[in-house]
Amino acid sequence: MTPSDYEYLRKLLKDQSGLDLSADKQYLIESRLLPLARKCGLPGIPDLVQKMKGGAGSIVAQVVEAMTTNETFFFRDKVPFDHFREMIMPEILKNRAARKSVRIWCAAGSTGQEPYSLAMCLKEMGAALAGWRIEIIATDLSQEVLEKSRAGIYSQFEVQRGLPIQMLVKYFKQTGEFWQINPEIRAMVQHRQLNLLHDFSQLGNFDVVFCRTVLIFFDKKTRVNFFNRLQRTIEPDGFLVLGAAETVVGLTETFKPCPDRRGLYRPNDPRAAKMPVAATAAPRFAAARP
């Protein structure tokens, strides 16, 4: 791959997906795109670039998908799900007691392990959520990974990564060498294809947003723009969950960190102080832990 091919791919990926590759990431492009070139019947990446320059839109889409599909697994990093059980949901149960509804957005749902982990957490709360309307919206740039998420079918290797055995037995059915999450949990998650660089206001407002291990690939300007747009989508007393290597500190004042809760943020919105809070205490619930 020539330097000009690499620069062409860097610019295309940034324009199409926000992925901001440094000059030393040529190995990453080669590892992701060489298999794609072979799949397309081409000898190498330079031939892939020529096809793209010639207007092959389908190949452009495949290149973007190959470069932006990230690894995920059930209950990844554990800490965000502890926050969800111990702080986020108890407060949601208290503050939304009148309307009995909660909307959650997984902004990079990938192959579904994160949204389904949240769905299982909610299911474990049992009677505490009786009569509540639950919405989990999983979005991703890649249509291919969204289709896998919709199917909810995972290999033995995938279910062994982070998923407690009691949840596997309780919420999955084995089919040959694979495991499929049960229809009740799948029905809790809606899927939408979405590019985070584009307007997402049509999704509506959310009480909780999980956006993990996405923004580290964006440049500073793109991250700031995203946070500014995101604040208008999260309820003033809502929650934002970022990845372990991501932060708003030093970038924007639209969100503020929650003390002693790594990766957890709240909108820096004066309207939150004026919002009514239910007088009753949040129900306590037991949750299976990974």
Might you confirm whether atom [atom1] of [X] has over 12 heavy atoms from other residues, nucleotides or ligands at distances under 6.0 Å?
{"X": "Glu144", "atom1": "CD", "result": "no"}
{"X": "Glu253", "atom1": "CD", "result": "no"}
{"X": "Lys173", "atom1": "NZ", "result": "no"}

Do you see a donor-acceptor pair shorter than 3.5 Å between the side chains of [X] and [Y]?
{"X": "Gln180", "Y": "Tyr171", "result": "no"}
{"X": "Gln231", "Y": "Thr233", "result": "no"}
{"X": "Ser142", "Y": "Asp140", "result": "no"}
{"X": "Asp219", "Y": "Thr222", "result": "yes"}
{"X": "Ser101", "Y": "Trp132", "result": "no"}

Any donor-acceptor N/O pair, [X] side chain to [Y] backbone, under 3.5 Å:
{"X": "Glu158", "Y": "Ser155", "answer": "yes"}
{"X": "Thr252", "Y": "Val248", "answer": "no"}
{"X": "Thr247", "Y": "Val249", "answer": "yes"}
{"X": "Arg10", "Y": "Leu21", "answer": "yes"}
{"X": "Lys123", "Y": "Ile185", "answer": "no"}
{"X": "His83", "Y": "Arg262", "answer": "yes"}
{"X": "Ser31", "Y": "Leu28", "answer": "yes"}
{"X": "Thr139", "Y": "Ala107", "answer": "yes"}

If you compare all heavy atoms of [X] against all heavy atoms of [Y], which two are closest, and at what distance to 0.1 Å?
{"X": "Phe75", "Y": "Gly162", "result": "CD1-O, 3.7 Å"}
{"X": "Leu122", "Y": "Ile134", "result": "CD1-CG2, 3.6 Å"}
{"X": "Ala138", "Y": "Pro115", "result": "CB-CG, 3.9 Å"}
{"X": "Cys211", "Y": "Leu240", "result": "CB-CD1, 4.4 Å"}
{"X": "Arg266", "Y": "Cys258", "result": "CG-SG, 3.3 Å"}
{"X": "Ser149", "Y": "His191", "result": "OG-NE2, 2.7 Å"}

Taking a hydrophobic cluster as the set of Ile, Leu, Val, Met, Phe, Trp and Tyr residues connected by side-chain heavy atoms closer than 4.5 Å, whether directly or through intermediates, do [X] and [Y] fall within one such cluster?
{"X": "Ile88", "Y": "Val79", "answer": "no"}
{"X": "Leu118", "Y": "Phe73", "answer": "no"}
{"X": "Ile153", "Y": "Phe172", "answer": "no"}
{"X": "Ile181", "Y": "Ile165", "answer": "yes"}

Does [X] come within less than 4.0 Å of [Y], counting only side-chain N to carboxylate O?
{"X": "Asp207", "Y": "Arg96", "answer": "yes"}
{"X": "Glu147", "Y": "Arg150", "answer": "yes"}
{"X": "Arg212", "Y": "Glu246", "answer": "no"}
{"X": "Lys51", "Y": "Asp47", "answer": "no"}

Within the structure provided, determine whether [X] and [Y] are in side-chain contact (heavy-atom separation under 4.5 Å).
{"X": "Asn195", "Y": "Leu141", "result": "yes"}
{"X": "Cys40", "Y": "Gln62", "result": "yes"}
{"X": "Glu86", "Y": "Arg261", "result": "yes"}
{"X": "Glu124", "Y": "Lys170", "result": "yes"}
{"X": "Ser201", "Y": "Arg232", "result": "no"}
{"X": "Val63", "Y": "Arg32", "result": "no"}
{"X": "Glu135", "Y": "Gln190", "result": "yes"}
{"X": "Glu91", "Y": "Phe239", "result": "yes"}

Arg103 NZ/CZ over Phe206 ring centroid, <6.0 Å and within 45° of normal: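 Verdict for Phe206: a cation-pi partner in Arg103.
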
Cation-aromatic face contact Arg186/Tyr116, 6.0 Å, 45 degrees: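 No, Arg186 does not lie over the aromatic ring of Tyr116.
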
Test of ring centre spacing under 6.0 Å for Phe226 and Phe200: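 Yes; Phe200 has its ring centre under 6.0 Å from that of Phe226.
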
Aromatic centroids of Tyr154 and Phe74 separated by under 6.0 Å: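 Here the rings of Tyr154 and Phe74 have centres that are less than 6.0 Å from each other.
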
